[in-house]
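A short write-up of the structure that comes next.
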Amino acid sequence: MRFPTSTTLIVTALVSRGFATYAPISTPCPSTSLVRTATGLSDEEEAYRTARKAKADVALVDWLLKTNCGFDTSGELPAVALTSSGGGFRALLAGAGVIRAFDGRDSNVSTSGLYQGLTYHSALSGGSWLLSSIIANDFATISSLMEIWKPNFANGLFSPEGSNATAVFADIDTDIALKQAAGFKGTVADAWSRLLSLQLLPGANYGAGNTLSAITSLSSFVDNEMPYPIITAMNVDLSGTSCIPPSNGSIWEFTPYEFGTWDPEVAAFTPTAYLGTSLSNGIPVSSNCTTNYDNLGFVLGTSSTLLNDPTIGTAGSPDLLLANLCTSTATSNSTSSVDELTLEFKEDIFALLVEIPDVTFTSAADLFATWPNPFYNLSSSPLVSAQENLAMVDGGESGQVNPIFPFLQPARNVSVIIVNDNDGDTAAIYPDGAELYYTYLAASAAGLSRMPFVPSPDVLVAKNMSDSPVFFGCGDVSTATVVWIPNAPLTPAGGVIETAQMQINETQTESMVANGVAVGSQNDSAEWATCLGCAIMEGSGKRLPEDCAACFGKYCFKQ
Ligand SMILES: *[C@@H]1O[C@H](CO)[C@@H](O)[C@H](O)[C@H]1NC(C)=O
Ligand SMILES: *[C@@H]1O[C@H](CO)[C@@H](O)[C@H](O)[C@H]1NC(C)=O
Ligand SMILES: *[C@@H]1O[C@H](CO)[C@@H](O)[C@H](O)[C@H]1NC(C)=O
Ligand SMILES: *[C@@H]1O[C@H](CO)[C@@H](O)[C@H](O)[C@H]1NC(C)=O
Ligand SMILES: *[C@@H]1O[C@H](CO)[C@@H](O)[C@H](O)[C@H]1NC(C)=O
Ligand SMILES: *[C@@H]1O[C@H](CO)[C@@H](O)[C@H](O)[C@H]1NC(C)=O
Ligand SMILES: *[C@@H]1O[C@H](CO)[C@@H](O)[C@H](O)[C@H]1NC(C)=O
Ligand SMILES: *[C@@H]1O[C@H](CO)[C@@H](O)[C@H](O)[C@H]1NC(C)=O
Ligand SMILES: *[C@@H]1O[C@H](CO)[C@@H](O)[C@H](O)[C@H]1NC(C)=O
Ligand SMILES: *[C@@H]1O[C@H](CO)[C@@H](O)[C@H](O)[C@H]1NC(C)=O
């Protein structure tokens with residue numbers, strides 16, 4: 001289907017009447033600047049952070065005293081952030097269970113109430129599906145989201161709405177054709193995004209009306225009830241020698257207010273609401289700008305786009321087709337998530353290209369999520385200043401499957417980072433700490449000294465610390481404290497599926513979330529809740545309960 005350009009005017013008119021469209025919209029530019037250098041937080045995030053932190057402190061005091069009345073909760077408390085890792089629907093469901101275990105509205109276990117004490121929540125890939133579903137549904141509880149997820153996940157990503165799949169594919173094709181008619185690329189990443197949106201986001205036309213910037217108008221955001229959300233994706237420089245991001249590749253941050261990266265070779269941010277606008281040297285190239293490009297489904301789809309696999313497959317297989325588009329070789333430890341894709345998954349993706357024929361698929365750039373580059377021709381952003389479009393992939397593709405980098409920025413003043421790791425490193429598809437180690441290496445290389453020392457996974461295995469929570473950075477006030485909570489089989493049904501599994505029956509959805517609740521609360525353990533409190537208060541300089549000494553002996557990593 002091809003629409004004439006004039007169609008976009010009709011779409012704009014329909015949007016003004018409440019029609020949910022995926023296509024970007026042309027609108028007069030604001031008088032304010034659209035690019036700022038990364039010298040600190042935006043005024044908007046700073047205001048949110050401060051207001052949210054004040055609310056979080058009140059909840060944290062309640063929770064700390066519930067777990068152990070020996071905590072000194074006077075004065076200001078540390079800012080606590082949560083990261084939800086990648087790992088497909090496994091990461092979504094295991095991560096959802098951990099959030100449920102922390103959420104005082106949604107569980108009654110030893111850790112319930114800690115969620116209300118968070119200031120920030122970052123996520124990537126499968127974790128970003130979870131975070132987006134929570135925030136787009138106005139900070140909904142996991143148990144209420146499960147009623148939306150269960151039937152959708154049971155149909156499966158590639159069989160949306162079961163018997164109606166053909167009609168759904170036709171609607172998605174229309175969405176992509178309208179985006180193209182508005183002058184933008186529509187790649188397989190857009191089709192992937194629309195399918196994920198259908199499963200996770202509320203509203204008409206498979207959630208097409210959700211944008212990341214519009215989160216700011218939801219009541220839970222206006223009231224500072226939700227931790228400030230951050231979704232990450234990786235940059236790939238298509239003018240370079242590899243289709244895979246290097247281990248020091250730029251990590252893009254998508255937040256309700258801004259998009260950009262702290263990477264010194266870019267070091268710039270732009271308002272999320274105006275993503276899609278063509279800028280040169282920070283100035284709009286025409287009097288009209290673009291809005292609605294920041295479709296939330298496209299953001300979470302970008303964070304999980306990993307079709308840039310350059311490995312050579314057997315003749316006739318989808319691998320070979322990808323290899324033909326993307327011939328360069330990998331240069332980093334970054335292929336872990338790509339390697340996890342099964343042949344069946346790739347075949348399903350290629351079947352989409354038949355079902356959704358308007359998707360363009362002719363060059364290497366079509367393997368990526370395409371975003372017009374807001375930092376084009378910006379001399380202070382030399383890494384990307386020559387690129388009209390940014391090519392983005394899964395936020396975990398550098399090997400860092402936990403989105404920790406946003407919280408190593410001193411401006412966010414995060415003292416405690418709870419890292420819920422649902423990656424699948426072991427043969428049984430549980431994490432072993434490898435990705436946390438990659439983050440430590442990358443942070444060291446980038447000079448991000450807030451990251452505490454993390455050893456390689458073999459050290460954790462040798463100390464019998466690779467399959468249960470570990471605290472990193474104990475006793476060092478110059479770094480954040482990282483509380484690593486790895487997924488583990490704590491219930492009989494366990495908590496794993498392969499990253500590439502895109503269809504999950506209702507029983508399995510429930511059992512994986514239930515296992516996540518057991519992981520978050522360590523089987524509803526009161527001792528664990530106290531120890532988690534000790535980790536949070538460890539660097540605060542305040543008096544700690546006597547029980548903390550045993551906690552640090554058990555959970556702190558010591559070289
Ligand atoms: C600019 O935006 C206005 C308001 O949305 C719209 O009416 C107009 O058609 C746009 N102009 C172009 C050239 O797209
Ligand atoms: C940073 O957090 C500490 C508590 O951990 C607090 O004392 C300090 O005032 C905070 N600074 C800013 C700028 O928010
Ligand atoms: C939570 O559980 C405890 C004991 O297991 C019980 O005493 C308490 O009443 C429960 N609270 C709620 C809100 O259900
Ligand atoms: C299929 O579409 C029809 C019409 O929109 C709707 O009533 C029905 O519930 C859909 N079926 C499924 C399985 O979603
Ligand atoms: C990333 O590494 C490449 C070489 O591996 C180097 O040229 C580049 O400057 C590095 N980027 C940063 C931000 O350090
Ligand atoms: C880059 O920006 C400069 C300064 O605004 C402008 O003169 C020049 O035309 C721009 N170049 C391109 C290729 O857009
Ligand atoms: C790959 O990981 C190893 C540690 O496992 C590290 O020594 C090496 O520097 C990494 N290579 C790159 C390119 O990041
Ligand atoms: C490893 O740790 C677990 C729980 O932390 C404990 O039950 C087990 O005995 C330990 N195994 C060894 C060999 O130390
Ligand atoms: C949690 O309970 C399961 C049994 O349901 C047990 O196998 C496991 O060791 C327990 N783990 C912890 C950390 O208490
Ligand atoms: C759900 O999926 C699990 C794992 O594949 C399987 O063992 C179980 O039989 C399924 N249950 C139903 C009701 O289909």
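The shown structure was predicted, so the numbers you read here are calculated from the model rather than taken from an experiment. If you read the sequence from its start, that first residue is 1, and numbering goes on from there.
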ask   = Which heavy atom of Met234 sits nearest a heavy atom of Gly395, and at what distance?
value = CG-O, 3.6 Å
request  = Step by step, work out the disulfide (SG to SG under 2.5 Å) result for Cys556 and Cys474.
outcome  = CA-CA 6 Å; Cys556 284; Cys474 295; 2.0 Å; yes
ask   = Is it true that a side-chain atom of Arg36 and a backbone atom of Pro271 form a donor plus acceptor pair closer than 3.5 Å?
value = no
inquiry  = If you apply the rule side chain to side chain contact (heavy atoms under 4.5 Å, CB included), what do you find for Ser219 with Asp138, and how did you get there?
reply    = CA-CA 7 Å; Ser219 66; Asp138 204 2; 3.0 Å; yes
inquiry  = If we ignore hydrogens and angles and just use 3.5 Å, is the side chain of Asp432 paired with the main-chain N or O of Ala434 as donor and acceptor?
reply    = yes
remark   = dist Leu212:CG -> Ile231:CD1 (nearest 0.5 Å) comes out at 6.0 Å
message = Could you check whether any side-chain heavy atom of Lys66 comes within less than 4.5 Å of a side-chain heavy atom of Asp62, counting everything from C-beta outward?
response = no
ask   = When rounded to the nearest 0.5 angstrom, what distance separates CG in Leu145 from OG in Ser133?
value = 4.5 Å
query = How far apart are the closest heavy atoms of Pro245 and Glu397, and which atoms are they?
reply = CD-OE1, 3.4 Å
ask   = Less than 4.5 Å apart, any side-chain heavy atom of Ile251 and any of Leu124?
value = no
inquiry  = With no hydrogens and no angle check, just 3.5 Å: does a side-chain donor-acceptor pair link Ser112 and Ser107?
reply    = yes
Pairs satisfying side-chain hydrogen bond (donor to acceptor under 3.5 Å, both in side chains), at least one member in residues 263-272, at least two apart = Ser250-Asp263
request  = Please lay out, stage by stage, how Glu44 and Glu258 fare under the test side chain to side chain contact (heavy atoms under 4.5 Å, CB included).
outcome  = CA-CA 9 Å; Glu44 292 87 353; Glu258 282 194 322; 5.6 Å; no
query = Distance from Trp252 atom CH2 to Phe259 atom CZ, nearest 0.5 Å?
reply = 4.5 Å
request  = Return yes if a side-chain donor-acceptor contact under 3.5 Å exists between Thr509 and Trp149, otherwise no.
outcome  = no
query = Between Arg450 (side chain) and Val414 (backbone), is there a donor-acceptor pair under 3.5 Å?
reply = yes
request  = Please step through side chain to side chain contact (heavy atoms under 4.5 Å, CB included) for the pair Met451 and Ser444, ending with a clear verdict.
outcome  = CA-CA 8 Å; Met451 183 70 191; Ser444 299; over 6 Å; no
key: Main-chain N/O of Gly104 paired with Gln116 side-chain donor or acceptor, under 3.5 Å   = yes
key: Test item: Leu279 and Tyr376 side chains (from C-beta on) under 4.5 Å apart, heavy atoms   = no
task = Kindly give the heavy-atom pair with the smallest separation between Asp223 and Lys55, and that separation in Å.
result = O-NZ, 2.9 Å
message = Treating Ser197 as the side-chain partner and Ser193 as the backbone partner, does any N or O pair qualify as donor plus acceptor under 3.5 Å?
response = no
Distance (rounded to the nearest 0.5 Å) between Ile404 CD1 and Thr232 OG1 = 10.5 Å
task = Take Ser42 and Phe269, measure what side chain to side chain contact (heavy atoms under 4.5 Å, CB included) needs, and give me the verdict at the end.
result = CA-CA 9 Å; Ser42 64; Phe269 288 93; over 6 Å; no
message = Keeping Thr426 on the side-chain end and Ala428 on the backbone end, is there a donor-acceptor pair under 3.5 Å?
response = yes
ask   = Considering only heavy atoms from C-beta outward, does the side chain of Ile485 approach that of Trp528 to under 4.5 Å?
value = yes
message = A side-chain contact here means heavy atoms from C-beta on lying under 4.5 Å apart; do Met392 and Thr305 qualify?
response = no
query = Ring centroid separation for Tyr22 and Tyr206, is it under 6.0 angstrom?
reply = no
query = Taking 4.0 angstrom as the limit, do Arg194 and Asp190 come out as a salt bridge?
reply = no
inquiry  = I'd like to know if the side chain of Asp103 pairs up with that of Thr141 as donor and acceptor (distance under 3.5 Å, no hydrogens or angles considered).
reply    = no
message = Can you tell me which residue among Val419, Val416, Asn420, Ile536 is in a side-chain contact (heavy atoms from CB on, under 4.5 Å) with Val483?
response = Val416
query = Mind checking whether Leu390 and Asn373 have side chains closer than 4.5 Å, heavy atoms only?
reply = yes
request  = Run through Phe139, Trp63, Phe102 and flag the one making a ring-ring contact (aromatic ring centres under 6.0 Å, His included) with Tyr115.
outcome  = Phe139
request  = Could you tell me whether a side-chain N or O of Glu46 sits under 3.5 Å from a main-chain N or O of Leu41, the two making a donor and an acceptor?
outcome  = no
ask   = Does the ring center of Phe345 lie less than 6.0 Å from the ring center of Trp192?
value = yes
task = Walk me through it: do Phe298 and Trp371 pass the test ring pair (Phe, Tyr, Trp, His ring centres under 6.0 Å)?
result = CA-CA 10 Å; Phe298 192 47; Trp371 292 76; 4.8 Å; yes
query = Is there a side-chain contact between Met226 and Ile134 (heavy atoms, below 4.5 Å)?
reply = no
message = In this structure, is the centre-to-centre distance between the rings of Phe453 and Phe472 below 6.0 Å?
response = no
key: NZ/NE/NH1/NH2 to OD/OE distance under 4.0 Å, Arg412 and Glu253   = yes
task = Would you name the heavy atoms of Thr479 and Ser449 that are closest together and state the gap between them?
result = CG2-O, 3.6 Å
ask   = At their closest point, which heavy atom of Pro403 faces which heavy atom of Ser85, and how far apart are they?
value = CD-CA, 4.4 Å
ask   = Going by atom types only, do Asp476 and Ser478 share a side-chain donor-acceptor pair under 3.5 Å?
value = yes
Leu307 to Val188 - nearest heavy-atom pair and separation = CD1-CG1, 3.4 Å
query = Counting only N and O atoms by type, is there a donor-acceptor contact under 3.5 Å from the side chain of Thr211 to the main-chain atoms of Ala214?
reply = yes
request  = Working to the nearest 0.5 Å, report the span between CZ of Arg49 and OH of Tyr120.
outcome  = 6.0 Å
task = Could you check if a side-chain atom of Leu64 sits within less than 4.5 angstrom of a side-chain atom of Leu77, using non-hydrogen atoms only?
result = yes
query = What class does the angle between the rings of Tyr257 and Tyr228 fall in, given that below 30° is parallel, 30 to 60° is tilted and above 60° is perpendicular?
reply = parallel
message = Quick one about Thr499 and Arg90 (side-chain donor to acceptor, distance below 3.5 Å, no hydrogens or angles considered), yes or no?
response = yes
message = Taking Phe368's backbone N and O only, do any of them form a donor-acceptor pair with Thr187's side chain (distance below 3.5 Å, no angle check)?
response = yes
message = Would you say Asp394 and Ser125 are linked by a side-chain donor-acceptor pair, where the criterion is simply a distance under 3.5 Å?
response = yes
inquiry  = For the backbone of Ala101 and the side chain of Thr111, can you confirm whether one donor and one acceptor N or O come within less than 3.5 Å of each other?
reply    = yes
query = Can you tell me how far the CG atom of Leu130 sits from the CD1 atom of Ile142, to the nearest 0.5 Å?
reply = 5.5 Å
message = Could you go through Thr370 and Asn389, starting from their C-alpha distance and side-chain angles, then the distance that decides it, and tell me whether this counts as side chain to side chain donor-acceptor pair (under 3.5 Å)?
response = CA-CA 6 Å; Thr370 303; Asn389 287 304; over 6 Å; no
